[in-house]
Undergrad: 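Handing you this structure, nothing more for now.
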Amino acid sequence: MDEFFNSKEFKEKLAKYEEARQQGLSVFLDSDDMADIAEYYHMQHRDDEALDVCDRAIAMFPHSLRPLVFRARFELIIHKDPDKAESWMEQIEDTDDLDYYYLYAEILLVRGKYKDAETYLEDAYDHLDDEDDRADFVLDVALLMCDYYRMDEAQHWLSLSDEPDQADYQEAKGRIALYRGHYEESEKIFNRLLDQDPYSAPYWNTLATSQFLRNDVHDSIESSEYSIAINPNDDEALLNKANGLFTLGNYKEALKYYERYTDVGNHALGTAFQAVVLMALKQYPKARRMLEDSIAEMTDDDENLYEVERQLCLCLSSMKLTDEAQHWADRMFSLKNIERWQVYVFKGYLHLFASSFSEAQLCFNQAVYCGDSLSLVVISISMALHDCELYDYSYCIHNYILQTTNEELNMGFAYLADDCLHLNEIDDYKKYLRIACSRCPDEVGYVFADQIPDNVRPEDYWKIVCNK
């Protein structure tokens with residue numbers, strides 16, 4: 001799509017449209033051309049102009065497919081409103097077009113009706129007669145499933161394609177590899193794609209994400225810069241670069257890019273990211289105001305709300321405002337997708353941070369009482385103890401769970417390894433670090449972020465330690 005928007009043909013039509021609009025004249029373009037212009041404006045984060053041209057297209061060409069698909073997907077993705085999206089979709093007359101099938105399925109995916117979406121797509125595929133349509137369909141659906149992190153379904157649709165050299169096939173394959181933690185494989189795929197299409201910002205963004213997750217932060221920043229050069233307002237690229245700079249401790253530069261992301265991306269989330277940088281710079285009062293502003297922008301079902309409220313609690317704790325921090329933590333009990341025991345563990349952590357050990361104990365007891373998995377709750381408590389530098393208590397509790405459960409645990413081992421390191425139990429440190437690198441490498445990357453050398457994957461860190 002980036003290549004198309006840079007084409008002479010598109011630029012001429014865009015210039016024709018914009019010149020006519022500036023002069024207050026009518027413009028004679030078909031509905032597909034106007035939909036292309038709407039998509040271009042949207043990519044440039046000029047959404048008011050995108051909706052204007054789209055609404056003009058719908059007024060001129062009622063029931064036309066692409067403008068209505070754009071309008072519906074705008075409601076679906078930007079406003080997260082599947083009901084309004086459906087109302088736009090119902091105006092489409094050509095219900096046998098592939099884009100109509102994708103939109104119908106995407107509305108089901110947003111509503112969480114994954115099985116219904118899969119059944120609908122399978123039925124649509126079975127009724128396709130044209131071989132070219134069938135070939136396009138399986139790759140388009142594979143990418144759609146990647147968009148919603150349904151990677152098993154994406155792999156299923158990809159397996160139906162017999163065109164492995166197609167760019168869409170390779171993109172889906174690379175995104176599946178990325179999601180499954182096969183970062184080197186993913187990067188090889190996207191580097192090959194970029195050799196063919198060096199002006200694809202989405203390819204650069206995905207490559208940057210993989211490099212970041214593989215702890216290749218400098219290269220991740222460089223890839224983001226290529227994407228920003230293509231589109232200075234690419235929100236994903238700006239966020240990737242900001243995250244990289246923050247990871248390197250370059251807080252002032254990171255703040256600049258989080259500010260740019262806030263202007264063109266998710267405003268509430270960008271505001272929260274800026275606040276986290278300010279907390280790292282110990283500018284707590286300003287960070288507090290920004291976190292409160294961020295929360296005020298979010299809806300109760302926002303997937304980021306818990307983490308932003310958690311950051312506000314940490315900020316208030318750093319300001320010695322323990323009662324206010326606990327008040328905000330109590331609000332978390334009403335959030336969706338957060339278990340009550342998780343809130344109790346966090347409240348216990350806040351009490352530990354304030355050296356209120358008896359209150360922390362009461363919260364931890366409540367977490368154990370209401371949690372379904374004793375081992376999961378107790379390991380989470382040991383991680384909270386570790387974060388408060390109570391390494392001996394953390395070590396004892398974690399060891400107790402290891403000795404009394406038959407579950408194969410996949411969390412907490414990096415914290416246990418770090419406990420051992422602080423307690424000078426070097427043999428146990430190496431043993432548990434190796435387990436952590438195998439079972440929970442992301443956790444290793446977090447706990448040992450300051451110690452893992454650049455370009456070393458977290459899952460390989462134990463090799464360096466054990467070979468010293």
Side-chain angles (χ1 to χ4, degrees), residues 1 31-32 35-36 38-39 42 50-51 54 57-58 61-164 166-180 202 206 299 301-303 336-337:
M1 186 60 74
S31 62
D32 285 350
D36 288 337
E39 289 180 12
H42 176 62
L51 293 177
C54 188
I58 293 170
F61 307 99
H63 312 296
S64 54
L65 177 75
R66 286 195 53 212
L68 287 167
V69 168
F70 178 89
R71 206 64 173 81
R73 293 196 77 240
F74 189 90
E75 294 297 338
L76 201 60
I77 296 169
I78 304 302
H79 295 151
K80 303 188 187 306
D81 191 334
D83 293 333
K84 284 187 178 179
E86 187 172 24
S87 71
W88 287 106
M89 181 184 71
E90 288 171 347
Q91 299 178 45
I92 297 172
E93 288 185 342
D94 186 1
T95 58
D96 291 324
D97 191 276
L98 298 188
D99 284 336
Y100 179 86
Y101 296 148
Y102 306 149
L103 176 60
Y104 192 104
E106 191 167 11
I107 290 173
L108 291 173
L109 290 169
V110 170
R111 286 173 169 159
K113 297 181 178 181
Y114 304 118
K115 290 184 178 179
D116 290 348
E118 189 69 14
T119 300
Y120 173 80
L121 290 167
E122 294 279 5
D123 184 64
Y125 181 62
D126 289 342
H127 285 84
L128 290 177
D129 296 323
D130 185 86
E131 286 302 316
D132 289 339
D133 282 348
R134 289 173 67 84
D136 290 341
F137 188 90
V138 294
L139 293 180
D140 289 340
V141 172
L143 288 170
L144 175 64
M145 291 300 170
C146 287
D147 288 341
Y148 289 88
Y149 305 104
R150 309 293 298 179
M151 295 305 174
D152 289 343
E153 291 93 332
Q155 185 63 60
H156 161 69
W157 286 101
L158 198 62
S159 70
L160 299 178
S161 175
D162 58 0
E163 298 179 311
Q166 285 285 332
D168 285 348
Y169 183 103
Q170 289 297 312
E171 181 184 353
K173 183 179 178 182
R175 290 173 67 181
I176 293 168
L178 172 62
Y179 182 84
R180 291 176 173 171
T206 308
T299 59
D301 59 352
D302 193 303
E303 62 183 3
K336 298 177 182 178
N337 302 319

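Worth saying up front: this structure is predicted, and the values here are computed from it rather than measured.
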Undergrad: Could you grab the distance from atom OH of Tyr100 to atom CG of Leu103, nearest 0.5 Å is fine?
TA: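 If we round to the nearest 0.5 Å, Tyr100:OH and Leu103:CG are 7.5 Å apart.
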
Undergrad: So how far is it from Leu109 CG to Leu144 CG, rounded to the nearest 0.5 Å?
TA: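 It comes to 5.5 Å.
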
Undergrad: Would Glu303 and Lys80 count as a salt bridge (Lys or Arg N to Asp or Glu O under 4.0 Å) here? Give the steps.
TA: CA-CA 12 Å; Glu303 62 183 3; Lys80 303 188 187 306; over 6 Å; no

Undergrad: Counting C-beta onward and ignoring hydrogens, is there a side-chain heavy-atom pair between Glu171 and Leu139 closer than 4.5 Å?
TA: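 Result no, sub-4.5 Å side-chain heavy-atom pair not found.
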
Undergrad: Start with the C-alpha gap between Asp36 and Arg66, add the side-chain angles, then the distance that decides, and say whether side chain to side chain contact (heavy atoms under 4.5 Å, CB included) holds.
TA: CA-CA 9 Å; Asp36 288 337; Arg66 286 195 53 212; 2.7 Å; yes

Undergrad: Can you check whether Glu122 reaches His156 side chain to side chain, under 4.5 Å on heavy atoms?
TA: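 Yes; the side chains approach each other to less than 4.5 Å.
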
Undergrad: Quick check: do Ile77 and Glu106 have side-chain heavy atoms less than 4.5 Å from each other?
TA: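 A side-chain contact exists here, since the closest heavy-atom pair is under 4.5 Å.
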
Undergrad: How far apart are the closest heavy atoms of Thr95 and Tyr101, and which atoms are they?
TA: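 Closest pair (atom of Thr95, atom of Tyr101, distance): O-CE2, 3.5 Å.
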
Undergrad: Which atom pair, heavy atoms only, marks the closest approach of Leu76 to Pro82?
TA: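 Closest heavy-atom pair between Leu76 and Pro82: CD1-CA, 3.7 Å.
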
Undergrad: Considering non-hydrogen atoms only, spot the tightest contact between Pro67 and Ser31 and give its length.
TA: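 Looking at all heavy atoms of both residues, the shortest contact is CG-O, 3.8 Å.
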
Undergrad: Apply side chain to side chain contact (heavy atoms under 4.5 Å, CB included) to residues Leu128 and Leu98 and explain how you reach the verdict.
TA: CA-CA 10 Å; Leu128 290 177; Leu98 298 188; 3.9 Å; yes

Undergrad: Quick check for you: to the nearest 0.5 Å, what is the distance between Asp96 atom CG and Asp94 atom CG?
TA: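 If we round to the nearest 0.5 Å, Asp96:CG and Asp94:CG are 6.0 Å apart.
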
Undergrad: Take Asp162 and Arg134 through the test salt bridge (Lys or Arg N to Asp or Glu O under 4.0 Å) and record every step on the way to the result.
TA: CA-CA 11 Å; Asp162 58 0; Arg134 289 173 67 84; over 6 Å; no

Undergrad: For Ile92, is there any backbone N or O sitting under 3.5 Å from a side-chain donor or acceptor partner on His63?
TA: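 Between the backbone of Ile92 and the side chain of His63 there is no qualifying donor-acceptor contact (under 3.5 Å).
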
Undergrad: Could you give the distance from NZ (Lys113) to OG1 (Thr119), rounded to the nearest 0.5 Å?
TA: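 The NZ atom of Lys113 sits 12.5 Å away from the OG1 atom of Thr119.
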
Undergrad: What are the two closest non-hydrogen atoms of Phe70 and Ala50, and how far apart are they?
TA: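 Heavy-atom minimum between the residues: CZ-CB, 3.9 Å.
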
Undergrad: Step through the shown structure and confirm whether more than 12 heavy atoms of other residues, nucleotides or ligands are within 6.0 Å of CG on Asp123.
TA: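 Yes.
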
Undergrad: Tell me the closest heavy-atom pair linking Ala105 and Ala117, and the distance in Å.
TA: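 Looks like O-CB, 3.9 Å.
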
Undergrad: Minimum heavy-atom separation for Asp97 to Asp99, with atom names?
TA: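 The pair with the smallest heavy-atom distance is OD1-N, 2.8 Å.
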
Undergrad: Look at atom OH of Tyr104 and say whether more than 12 heavy atoms of other residues, nucleotides or ligands are closer to it than 6.0 Å.
TA: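 Counting other residues, nucleotides and ligands, OH of Tyr104 stays at 12 neighbours or fewer.
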
Undergrad: Working to the nearest 0.5 angstrom, can you tell me the gap between Leu51 CG and Arg71 CZ?
TA: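 These two atoms lie 4.5 Å from each other.
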
Undergrad: Does Gln170 reach the main-chain N or O of Pro164 with its side chain, forming a donor-acceptor pair under 3.5 Å?
TA: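 Yes: the side chain of Gln170 pairs with the backbone of Pro164.
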
Undergrad: List the steps and the verdict of side chain to side chain contact (heavy atoms under 4.5 Å, CB included) for Ile78 and His42.
TA: CA-CA 11 Å; Ile78 304 302; His42 176 62; 3.7 Å; yes

Undergrad: Yes or no on side chain to side chain contact (heavy atoms under 4.5 Å, CB included) for Tyr148 and Glu153, after CA distance, side-chain angles and deciding distance?
TA: CA-CA 10 Å; Tyr148 289 88; Glu153 291 93 332; over 6 Å; no

Undergrad: Drop me the distance from Tyr120's OH to Tyr102's OH, to the nearest 0.5 angstrom.
TA: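 Going from the OH atom of Tyr120 to the OH atom of Tyr102 covers 10.5 Å.
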
Undergrad: Which label fits Tyr125 and Phe137: parallel for a plane angle under 30°, tilted from 30 to 60°, or perpendicular past 60°?
TA: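 Aromatic pair Tyr125/Phe137 classed parallel.
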
